[in-house]
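We use all heavy atoms of the structure for the numbers below, so side chains are in, but hydrogens, waters and symmetry mates are not. Everything numeric here is computed off the predicted structure, so don't read it as measured data. By convention here, the first residue in the shown sequence is residue 1.
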Amino acid sequence: MPASLSTARLSASDRAESWHEAVSHAFVPMAVDLLEEVPSPGAIVGHQLGPVRIWRVQAGPQVVTRSRRMIADGGPPSLILSLQERGTALKEQDGRESVIRPGEFSITDTSRVFRKKMEEGFVFTSFHFPRAELDVPERDLRALTATSFSGAEGSAALVATYLSQMAREAEVLDEAVGRRAAATALDLLALLVDDRSGRSRPQASRSAASLERVKEHILRNLRDPDLSPSTIAEANFMSLRLLHKLFQLEGTTVGGWIRTQRLERCSRDLLRPVATELGVAGVARRWGFANSSHFSRAFRAAYGMTPRDWQVGGNPGR
């Protein structure tokens with residue numbers, strides 16, 4: 001169930017206190033300074049996917065600050081990635097200052113002092129997760145806080161595209177799928193950090209984790225003749241570009257890997273009693289080959305003989 005709060009029905013005099021409590025509860029304790037004499041209504045709507053909390057925030061001009069005293073009060077370190085949708089934000093942390101515009105995102109580490117100023121009405125979606133869930137070196141992460149990332153290209157685009165879609169679908173995802181979606185989001189964020197720091201080995205490791213989840217999905221749906229890169233990407237909440245990139249890292253393609261898995265299962269079934277009942281065409285359909293001619297050509301290319309020859313040659317008693 002989503003969590004939500006709106007100050008629209010409160011009197012202007014009550015909005016400031018209520019909003020401060022809502023912001024500190026949703027994220028971490030922060031000082032909130034509203035910049036309007038009569039505060040605009042604010043709203044926060046949130047969802048939980050595994051370790052990741054997703055918050056869509058809409059409000060008027062304000063400044064939020066996390067001080068050393070607030071940090072000293074305790075609580076585990078956490079990270080906040082914010083996708084700016086409307087308005088601009090001035091972010092300050094670790095000696096850097098960046099303007100975050102619509103379509104861009106930034107990362108904040110709550111274990112250190114930060115300040116965020118929004119001089120106009122704004123909307124952003126934030127992803128809040130424990131620091132321990134992101135397995136990247138501290139020095140690499142520290143180098144990227146209060147940095148503006150464009151969601152238009154490169155690894156930052158993969159992160160922005162995936163997180164935006166995950167936020168849109170969060171309300172309808174069940175717990176198990178939500179946890180897997182959150183794990184993929186963390187993999188992509190780690191990939192971004194690795195990419196910006198020039199580290200290739202960790203990137204490959206985390207890509208492998210995402211690839212393994214995709215392969216599990218494919219194997220569960222191998223019998224579906226409509227299984228395709230687009231349906232796989234959609235089911236795993238990633239872009240087609242990322243999906244193809246994951247398989248390229250292994251030296252293959254999405255379609256090639258699916259075909260290999262289907263052919264292996266067909267080759268086994270052709271040597272079993274089920275083939276007598278179903279016939280060659282039936283075995284092919286059983287594993288997602290909708291076209292018998294295509295199956296025969298693919299099988300011969302992979303095994304050097306037709307499915308019928310394989311079936312007869314592998315069963316001397318026939």
Side-chain angles (χ1 to χ4, degrees), residues 50 158 162 165 169 173-188 191 200-201 203-318:
L158 296 178
Y162 182 84
Q165 184 173 358
E169 301 294 335
L173 298 180
D174 63 31
E175 182 178 355
V177 174
R179 286 186 175 278
R180 293 180 63 193
T184 298
L186 289 165
D187 285 342
L188 288 175
L191 184 148
S200 58
R201 184 188 56 80
Q203 176 177 328
S205 174
R206 291 173 181 88
S207 296
S210 294
L211 179 60
E212 197 60 33
R213 283 193 291 273
V214 169
K215 285 181 175 180
E216 289 175 5
H217 169 82
I218 291 173
L219 293 178
R220 289 196 305 271
N221 295 276
L222 204 56
R223 297 174 187 265
D224 183 359
D226 294 325
L227 186 68
S228 68
S230 60
T231 62
I232 295 166
E234 182 178 358
N236 287 273
F237 305 97
M238 62 177 61
S239 67
L240 270 172
R241 180 182 176 185
L242 173 59
L243 177 67
H244 288 301
K245 183 176 180 180
L246 291 175
F247 279 87
Q248 286 169 6
L249 292 172
E250 202 171 67
T252 186
T253 64
V254 183
W257 196 82
I258 293 173
R259 182 169 58 252
T260 297
Q261 300 307 309
R262 284 174 168 165
L263 287 172
E264 286 182 0
R265 285 152 182 79
C266 287
S267 69
R268 292 199 297 264
D269 278 2
L270 286 171
L271 302 180
R272 293 172 176 169
V274 68
T276 303
E277 177 184 348
L278 297 177
V280 171
V283 168
R285 286 194 299 272
R286 187 185 193 201
W287 290 108
F289 286 101
N291 185 290
S292 297
S293 297
H294 169 68
F295 167 65
S296 294
R297 289 193 299 271
F299 194 96
R300 186 178 190 116
Y303 293 93
M305 63 180 71
T306 67
R308 176 64 64 184
D309 290 340
W310 175 271
Q311 185 182 25
V312 174
N315 286 278
R318 287 181 60 88

Nearest-0.5 Å distance that lies between atom CZ in Arg259 and atom NE2 in His294: 6.0 Å

Less than 4.5 Å apart, any side-chain heavy atom of Val177 and any of Glu169? no

Of all heavy-atom pairs linking Ala181 and Leu173, the shortest is CB-CD1, 4.3 Å

Taking all heavy atoms of Pro307 and all of Val280, pick out the closest pair and write down the distance. CB-CG1, 3.7 Å

On a heavy-atom basis, the closest approach of Arg213 and Asn236 is O-OD1, 4.1 Å

Please say whether more than 12 non-hydrogen atoms of neighbouring residues, nucleotides or ligands are located less than 6.0 Å from CZ in Arg241. no

Could you measure the distance from the NZ atom of Lys245 to the CG atom of Leu191? Nearest 0.5 Å is fine. 5.5 Å

Return the OG to CZ distance between Ser267 and Arg272, rounded to the nearest 0.5 Å. 9.0 Å

Does Glu234 CD have over 12 foreign heavy atoms under 6.0 Å away? no

So, Arg262 side chain and Trp287 main chain: donor-acceptor pair closer than 3.5 Å or not? yes

Could you tell me whether the side chain of Thr253 reaches within less than 4.5 Å of the side chain of Phe247, counting heavy atoms only? no

Would you check if Leu263 and Phe289 make a side-chain contact, meaning some heavy-atom pair closer than 4.5 Å? yes

Can you measure from CZ (Arg297) to OG (Ser292) and round to the nearest 0.5 angstrom? 10.5 Å

Heavy-atom closest pair, residues Cys266 and Ala284: SG-CA, 4.1 Å

Residue pair Leu242 / Leu188, side-chain heavy-atom distance below 4.5 Å: yes

If we only count heavy atoms from C-beta on, is the Leu222 to Arg265 side-chain gap below 4.5 Å? yes

Between Glu264 and Tyr303, does the side-chain contact (heavy atoms from CB on, under 4.5 Å) criterion hold? Intermediate values first, please. CA-CA 10 Å; Glu264 286 182 0; Tyr303 293 93; 3.9 Å; yes

Is Ile258 close to Ile232 at the side-chain level, that is, under 4.5 Å between some pair of heavy atoms? yes

Rounded to the nearest 0.5 Å, what separates atom CG in Leu227 from atom CZ in Arg220? 11.0 Å

Arg180, CZ atom: more than 12 neighbouring heavy atoms under 6.0 Å: yes

Does the pair Ile218 and Gln261 meet the rule for a side-chain contact (heavy atoms from CB on, under 4.5 Å), with working shown? CA-CA 9 Å; Ile218 291 173; Gln261 300 307 309; 5.6 Å; no

Within a strict 4.5 Å, meaning less than it, do heavy atoms of the Val254 and Leu243 side chains meet? yes

So Gln311 and Val283, do their side chains get closer than 4.5 Å, heavy atoms only? no

